[in-house]
Amino acid sequence: MSNTTIFIPLFIVASLTFIYSCYQRLQLVAVGSAEERLDNPLSRLAGTFAYAFGQKRVLARPYGVNHFFLFWAFMFLLVANVEFLLEGLFPGVSLSALPAPLYHVLELTFDLVSLVALACVVVALVRRLFFAPAYLENDYTKARSGEALLILAMIATLMLAFFFLNGAQLAQGGDTIWQPVSAFFGSLLAGLSPSALESVAGAAWWVHAVVLLVFLNLLPRSKHMHILTAIPNCYFRSLEKPNVQPRETFKKGERYGVSQVEQFTWKDLFDSMTCTECGRCQDLCPAHNTGKPLNPRRIVHDIKQNLFGNASALKEAQQGKTPLIGEAGEGTICEEALWSCTTCGACLSVCPVLIEHMPKIVKMRRHLVEEKAKFPEELLNLFENMEQRSNPWGIAPSERTKWSTQLGERPFKAGETEYLFFVGCAGAFDSRNKHVTVALAALLDAAGVTWGILGKDEKCCGDSVRRLGNEFVFDKMASENVAMLKERGVTKIVTQCPHCFSTLKNDYRQYGLEVEVLHHSQLIAQLVRDGKLKAAKAANMGKVVFHDSCYLGRHNDTFEAPREVIAAATGQAPGEFGRNRESAFCCGAGGGRMWMEEQTGTRINLERVKEALQQQPDTLCVSCPYCMTMLEDGLKDEGANQVRVKDIAEVMAESLRPNA
C-alpha cells in the first residue's frame, strides 16, 4: 500500500479536526461585545511587523534571542513543511522543479535553519529543566510542565526526522554540498544496504508526517494556540497606549463593567487565547512580587478558562455556571486580586503579544463598584469626599489656595496667561507637596512664564476614582472640569502630578478637551534647554537616585525630561534603581491604591525603598506627589531618616539660589 493511500485520508481527518478545533475556539470570541480594531491598517501593519515579525518585546530580554531564532526558523520551515505535505498528497510535486540555483539555495536554507531550530529547542529544554527563571512557575503551570516538554520534544523530533530522511536519501547518492547537516546524518547511516536506507527514509518520512499532523492539532487545544493568534493579535492591538478605558453611558437599563465573560469585548477574549504564558507580566507585577493574590497572567488565563468552561451555555446565549468573579478557582477571579492592581502598566509594557491586562481589571472593578457597591471599606470615604468636595481628603475647596498666600492672587486669565497651573489635590492640600507647588511656581516666575490657577474652582481630575471603577463619579467630574476649562479659554496646562497629567492629556480627550498638557518635568527641561532657567550653582543633594513614576514613564513615555532636570540642577546625571525606566517598580500608590491599606504580603513601597537603599543614596528624587508620599513613608519604616526625598522642581529651585 503506497504512502499516498494511507496519507491522504490521514491528512483529511487531521485537517478537518484542526479546522474544527480552531472553529470551536474562535467562535467563542464572537460572544464578546463589539470593538473597533480595524482602523488605520497601515499603522497596524507596521506594528505587526515590529512586534510579531520583528519580535520587538521578545528581544527586550536576553533569552528572547533564542525565541527570535526559533520563530524565524518556523517561518522558513513553513515553506518546507507545505512542500512536504503537498508531496505526500501529490507525489512528484516538489520545489526541485524550480531553477537549480534557486532550489539549491532553498535546500541549504532549510538544512541550516532546521539545525538552528534544533539548537533553539535544546537551549529551551536545558533552560526549563535546569535554569528556569521564577516567572515560568505559576499555580497552574510549571516550567517543567508536560505540555511544554511535549511541544519541545515534538519540534526536536520533526527536525531529526527531517535530517534522517534527507540523510538516508543522500546516502543513496546525491549532492551533499547543499545539505551539509543532512549529509552528516547520512554519514551515520554509511554501510547500510540500499533496502535498509529505504526503510530508514520511509520511517523518517512517516515520523515527520505523523508528528507534524499531531502537532498541528495540539495547537488549538493548548497554550500554543498563540502560534496561530499572536500575529493577528499584534495587528488588532490598541494604537494608543491602553491606559484609558472607554466611557460608559449612564441610562436606565444599562449594564456597568464586566461581571460575566461574554461582557468583555471580542478583543479581550481574543487576548485570552493569545497568552503565551511566558510569565513576563508576572515577573514585573508589583502586586504579585509582594505576595498579593494578583497575577496578570492568571487573570488572562482565568478569563480563557471561564470562556471555555461556559462554552455550551454561551453558544445558546445563556449565562454560564462558572462565575467570572468570586471565590478563587480555575476560571474564577477573586475580588482581592482585582483590588490589588496598581494600574502601573508594567504588564502592558512587557507583553510580547500586546495583551491588555489592566483594562480588563478596571472593567471588573466597575461592575463591583457600580452594580454591587462591593469595594474595600476605606474607599467609602474617598468616594464620598470626591462627590461632595471634589478632593480625596474632603477638605473645603476654599483651602486650595492657601499654598499661594505669599505669592499673591494668581488667577488664570485667557489671553493674558500662557499656562494654567493645574495644582492638583496633593499639590494644594498635602503639607509636604505644597513645598513642591511653591518650588514650581518659583521656577515659572524665574523663567518669565506667565501662569495662573483656578483657585477654589479647581476640582480633582478624577484619576483615582476612574481607575478604581467608579466611572459614574469620574464622568461627572470630567464633564464639569472640561466644561470649565473650555469656558475659561485654557489652551495650555502644566501640572506637577503625573496622574493629573495623564488624565487631562489622555482621559479628557474622550470628553472633547484638546489642549496642550505638560508635566512639570517636560516644561522645566524645555526652559533649561531654551536658556530661561540657568543653575547658579550645583544643587548639593549628595548622591541622587531617580525613581520613575509609572504614570509619567510607562504610561506617557516621559523618561528623559526629569533626568535632564536633575542633571541640569546637580551637574551630573542621577543614579538609577536596578529596575528603571520601562522596567521600573511601582511605588504602590497608583490605581487608587494610594487610599487603601495593604493587608496581604509586604508593602510595595517598602520593596521599592529597599531597592533604593542598595544604591546608598543621599537623595531620592521623584516627579510625582504619590511617589513622594510612598517613598518617604517607606524610608521612615526602614529607619533610613538620613535619606531625603525631593521632587525635581525642588532640586532645580535649589540650584537657582546663589551661594550665601
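Starting from 1, each residue takes its place in the sequence as its number.
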Tell me whether [X] at atom [atom1] has more than 12 heavy atoms from other residues, nucleotides or ligands lying less than 6.0 Å away.
X      : atom1 : value
Phe49  : CZ    : no
Lys543 : NZ    : yes
Phe69  : CZ    : no
Asn540 : CG    : no
Glu378 : CD    : yes

Please verify the inter-ring angle class for [X] with [Y]; under 30° counts as parallel, over 60° as perpendicular, anything in between as tilted.
X      : Y      : answer
Trp403 : Phe421 : perpendicular
Phe383 : Phe375 : perpendicular
His67  : Phe71  : parallel

Any salt bridge between [X] and [Y], counting N to O under 4.0 Å?
X      : Y      : result
Asp507 : Arg467 : yes
Glu654 : Lys646 : no
Arg563 : Glu560 : no
Arg389 : Glu399 : no
Glu598 : Arg593 : no
Asp557 : Lys241 : yes
Asp268 : Lys360 : yes

Return the [atom1] to [atom2] distance between [X] and [Y], rounded to the nearest 0.5 Å.
X      : Y      : atom1 : atom2 : answer
Leu338 : Met364 : CG    : CE    : 5.0 Å
Leu407 : Thr401 : CG    : OG1   : 11.0 Å
Leu239 : Ser43  : CG    : OG    : 6.0 Å

Is the backbone of [Y] close enough, under 3.5 Å, to the side chain of [X] for a donor and an acceptor to pair up by distance?
X      : Y      : result
Arg554 : Cys347 : no
Arg57  : Pro352 : no
Asn580 : Glu576 : no
Thr570 : Gln572 : yes
Glu36  : Leu38  : yes

Do [X] and [Y] come within less than 4.5 Å of each other through their side chains, counting heavy atoms only?
X      : Y      : result
Val622 : Ile648 : no
Gln615 : Phe577 : no
Cys621 : Val651 : yes
Ile604 : Phe585 : yes
Val528 : Val565 : no
Glu356 : Lys267 : yes
Arg466 : Thr503 : no
Thr265 : Lys363 : yes

Using the side chain to side chain contact (heavy atoms under 4.5 Å, CB included) rule, take Arg366 and Gln245 through it: C-alpha gap first, then chi angles, then the decisive distance, then the call.
CA-CA 11 Å; Arg366 285 181 176 181; Gln245 283 69 55; 3.3 Å; yes
Would you say the side chains of [X] and [Y] form a donor-acceptor pair under 3.5 Å?
X      : Y      : answer
Thr558 : Gln522 : yes
Tyr626 : Ser549 : no
Asn233 : Asp271 : yes
Asn556 : Asn243 : no
Ser464 : Trp595 : yes
Gln496 : Thr437 : yes

Test side chain to side chain contact (heavy atoms under 4.5 Å, CB included) on Leu294 and Ile299; report intermediate values, then the result.
CA-CA 8 Å; Leu294 172 63; Ile299 294 285; 3.7 Å; yes
Sequence neighbours excluded, the answer for ring-ring contact (aromatic ring centres under 6.0 Å, His included) partners of His519 is Phe501
| query | Are Arg297 and Asp283 close enough, and set up right, to give a salt bridge (Lys or Arg N to Asp or Glu O under 4.0 Å), and what steps lead you there? | reply | CA-CA 10 Å; Arg297 175 166 65 159; Asp283 186 40; over 6 Å; no
Correct closest heavy-atom pair for Ala649 and His520 would be CB-CD2, 3.7 Å
Take Glu650 and Val436 through the side chain to side chain contact (heavy atoms under 4.5 Å, CB included) test and state the conclusion after the steps. CA-CA 6 Å; Glu650 294 178 300; Val436 180; 3.9 Å; yes
For Glu582, the side-chain hydrogen bond (donor to acceptor under 3.5 Å, both in side chains) test, sequence neighbours excluded, returns none
- Message: Pair Asp39, Arg44 - check salt bridge (Lys or Arg N to Asp or Glu O under 4.0 Å), show working.
- Response: CA-CA 8 Å; Asp39 57 323; Arg44 293 188 178 282; 2.7 Å; yes
Evaluate side-chain hydrogen bond (donor to acceptor under 3.5 Å, both in side chains) for Tyr551 paired with Thr343, printing each intermediate quantity in order.
CA-CA 9 Å; Tyr551 271 72; Thr343 66; 2.7 Å; yes
* To do: For the pair Asn605 and Asp637, evaluate side-chain hydrogen bond (donor to acceptor under 3.5 Å, both in side chains) and give the outcome as yes or no after the intermediate values.
  => CA-CA 10 Å; Asn605 64 328; Asp637 289 343; 5.0 Å; no
Q.
Using the rule given for salt bridge (Lys or Arg N to Asp or Glu O under 4.0 Å), can you reason through Glu514 versus Lys505, listing the C-alpha separation, both sets of side-chain angles and the distance that settles it, and then say yes or no?
A. CA-CA 8 Å; Glu514 296 289 343; Lys505 175 186 174 186; over 6 Å; no
Enumerate donor-acceptor pairs with a distance under 3.5 Å from any side-chain N or O in residues 474-493 to protein atoms, sequence neighbours excluded.
unit_1, atom_1, unit_2, atom_2, d
Asp475, OD1, Arg247, NH2, 3.3
Asp475, OD1, Tyr511, OH, 2.9
Lys476, NZ, Glu480, OE2, 3.1
Ser479, OG, Asp475, O, 2.7
Glu480, OE1, Lys459, NZ, 2.8
Asn481, ND2, Cys460, O, 3.0
Asn481, ND2, Met477, O, 3.4
Asn481, ND2, Tyr508, OH, 2.9
Lys486, NZ, Gly512, O, 3.2
Arg488, NH2, Asp457, OD2, 2.8
Lys492, NZ, Glu418, OE2, 3.0

